[in-house]
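Data first, discussion second: the structure below is written as structure tokens.
When a residue number appears, it is its place in the shown sequence, counting from 1. What's counted below: heavy atoms across the whole structure, side chains too, no hydrogens, waters or symmetry copies.
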Amino acid sequence: MGEATGEQTLERRRERETLSSDPGTLPASARAAMGADPLVGQLALGRYHVGPVLADGGMGTVYEALDRVTEARVAIKTLQPRFMDRPRVIQRFEREAQALEAARSDHVVDVKARGALPDGRPCYVMERLEGELLADVIERSAAPLDPRVVVRVAVQLARALAHAHQLGIVHRDLKPENVFLRDGPGGRSVVKLLDFGLAKAVDGSMDVTKAGELLGTPTYMAPEQIRGDSVDGRTDVYAFGVMLYEMLTGRVPFVGDAPVDVMVAHVEEEPTLPSQLDPPVRLPVMLEWIAMCCLYKEPARRFQSAEELLDELSNAAGLYRVDV
């Protein structure tokens with residue numbers, strides 16, 4: 001939670017510092033506020049009328065749009081202009097769209113089309129989601145989430161991971177900012193996994209990283225990812241465990257004054273059992289066991305697949321009578 005807030009603060013500071021510069025170098029939200037975003041009002045891919053900015057990320061921007069063929073509201077994600085001189089960033093963005101298409105399921109955001117904007121920037125069109133990010137839910141609660149809610153979210157997220165892994169796709173950047181809780185029937189949230197920008201095929205065919213390049217979010221990175229070792233589905237299982245621990249306890253397993261401190265802790269320190277925190281967090285024993293089994297340093301000791309993790313979470317859902 002603290003890291004996300006810090007990133008947002010840094011982004012706002014950068015926007016303020018660059019307000020007097022070329023509008024093309026600003027994030028889309030700042031350009032829109034200045035009335036300088038040339039994409040708003042355009043027709044993208046021949047049918048999508050581009051509307052306001054929904055979200056700004058580190059490299060991409062998401063706009064609301066209207067599909068003039070179906071009259072449905074959709075979302076369009078594209079690279080920010082300042083990255084168009086960086087071929088590897090462009091390639092990574094395009095790989096993200098391909099991975100989302102390949103991993104299509106009930107719990108992965110649906111990509112409807114992809115192509116390029118009139119200015120040459122790559123883009124893809126996806127379903128317009130109503131709801132909120134898991135990161136916002138965690139930050140707003142500032143406390144452990146209800147274990148029944150956690151089980152419901154965790155089962156759906158594990159389904160998404162299991163499907164992606166069956167297709168040979170490793171996400172590599174699981175975190176609450178990449179999990180969306182869409183408003184569903186009866187007030188129950190439907191999990192949608194987002195942002196496959198760091199996804200990697202097990203056979204390496206989708207990887208656009210360089211040898212020794214460290215990518216990911218330190219708070220959620222597995223030890224082997226930090227060391228630069230090979231990664232597979234068990235790397236996602238570790239990140240899943242960090243998120244599960246965070247939802248169940250209201251805190252992440254490891255914190256530090258700097259990202260490198262957090263990464264060292266992931267490699268060298270053992271996470272504290274929720275029941276041994278100060279103050280202790282009392283959880284159903286099975287949920288504590290599942291979270292800790294995800295967080296073993298050695299991949300061979302974790303759940304060996306997302307399917308195995310899903311089986312245990314489904315057992316927990318049945319035991320605690322959670323409708324997922």
Side-chain angles (χ1 to χ4, degrees), residues 1-18 27 29-30 55-60 89 92 132-145 150 171-179 194-195 197-198 209-229 231 234-281 283 288 291-299 301-302:
M1 291 182 290
E3 178 179 282
T5 302
E7 290 175 352
Q8 292 165 1
T9 301
L10 179 60
E11 185 65 26
R12 287 194 293 270
R13 185 181 303 124
R14 287 171 176 163
E15 288 186 20
R16 289 196 300 268
E17 291 172 350
T18 55
S29 57
D56 257 335
M59 295 186 295
V89 175
R92 188 172 296 148
E132 60 185 331
L133 291 172
L134 178 59
D136 294 332
V137 174
I138 293 172
E139 184 173 3
R140 185 178 67 249
S141 70
L145 301 182
V150 173
H171 191 283
R172 293 201 297 182
D173 196 24
L174 280 181
K175 55 185 176 182
E177 290 83 358
N178 285 338
V179 178
L194 313 173
D195 198 345
L198 298 185
T209 60
K210 296 181 291 186
E213 187 176 16
L214 187 64
L215 294 173
T217 304
T219 300
Y220 304 92
M221 290 173 72
E224 66 272 16
Q225 195 174 6
I226 293 167
R227 290 191 299 262
D229 298 340
V231 302
R234 295 171 298 182
T235 304
D236 284 346
V237 167
Y238 184 93
F240 186 104
V242 177
M243 292 172 55
L244 187 58
Y245 189 103
E246 183 177 12
M247 288 189 287
L248 290 169
T249 68
R251 64 186 80 178
V252 292
F254 304 112
V255 296
D257 294 331
V260 66
D261 299 324
V262 178
M263 290 189 284
V264 169
H266 277 298
V267 173
E268 298 182 354
E269 297 180 15
E270 293 300 325
T272 302
L273 283 166
S275 56
Q276 295 179 2
L277 290 170
D278 183 18
V281 179
L283 299 173
E288 183 175 67
M292 301 308 287
C293 283
C294 293
L295 292 174
Y296 282 118
K297 306 296 182 190
E298 304 83 7
R301 298 185 66 192
R302 299 173 206 151

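Residues Val242 and Leu174 have side chains not in contact (no heavy-atom distance under 4.5 Å, counting atoms from C-beta outward). Looking at heavy atoms from C-beta onward, Val237 lies in side-chain contact with Cys294 at the 4.5 angstrom threshold. Using a 4.5 Å cut-off on side-chain heavy atoms (C-beta onward), Leu295 and Pro253 make contact. Side-chain contact between Val137 and Glu132 is present, with at least one heavy-atom pair separated by less than 4.5 Å.
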Show your reasoning for whether side-chain contact (heavy atoms from CB on, under 4.5 Å) applies to Met247 and Leu134. CA-CA 9 Å; Met247 288 189 287; Leu134 178 59; 3.9 Å; yes
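To the nearest 0.5 angstrom, Met292 atom CE is 10.5 Å from Leu244 atom CG. Between Thr217 atom OG1 and Asp173 atom CG the span is 4.0 Å, to the nearest 0.5 Å. In this structure, NZ on Lys175 lies 7.0 Å from CG on Asp195, to the nearest 0.5 angstrom. Between the CG atom of Leu277 and the OH atom of Tyr245 there is a distance of 4.0 Å, given to the nearest 0.5 Å.
Between the side chain of Arg302 and the backbone N or O of Lys297, at least one donor-acceptor pair lies under 3.5 Å. Counting only distance, with no hydrogens or angles, the side chain of Gln225 and the backbone of Val231 share no donor-acceptor pair below 3.5 Å.
Closest non-hydrogen pair, Pro279 versus Arg251, comes out as CD-NH2, 4.1 Å. Minimum heavy-atom separation, Pro144 to Thr249: CG-O, 3.3 Å.
Shown here are the side-chain hydrogen bond (donor to acceptor under 3.5 Å, both in side chains) partners of Thr235, two or more places apart in sequence or in another chain: Glu224.
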List the atom pairs, donor and acceptor, that lie under 3.5 Å between side-chain atoms in residues 255-273 and the rest of the protein, sequence neighbours left out.
{"from": "Asp261", "atom 1": "OD2", "to": "Asp257", "atom 2": "N", "distance (Å)": "3.4"}
{"from": "Asp261", "atom 1": "OD2", "to": "Ala258", "atom 2": "N", "distance (Å)": "3.1"}
{"from": "His266", "atom 1": "ND1", "to": "Tyr238", "atom 2": "OH", "distance (Å)": "2.8"}
{"from": "His266", "atom 1": "NE2", "to": "Pro218", "atom 2": "O", "distance (Å)": "3.0"}
{"from": "His266", "atom 1": "NE2", "to": "Thr219", "atom 2": "O", "distance (Å)": "3.0"}

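Tyr220 pairs in a side chain to side chain contact (heavy atoms under 4.5 Å, CB included) with only one of the listed residues (Asn178, Val252, Asp236), which is Val252.
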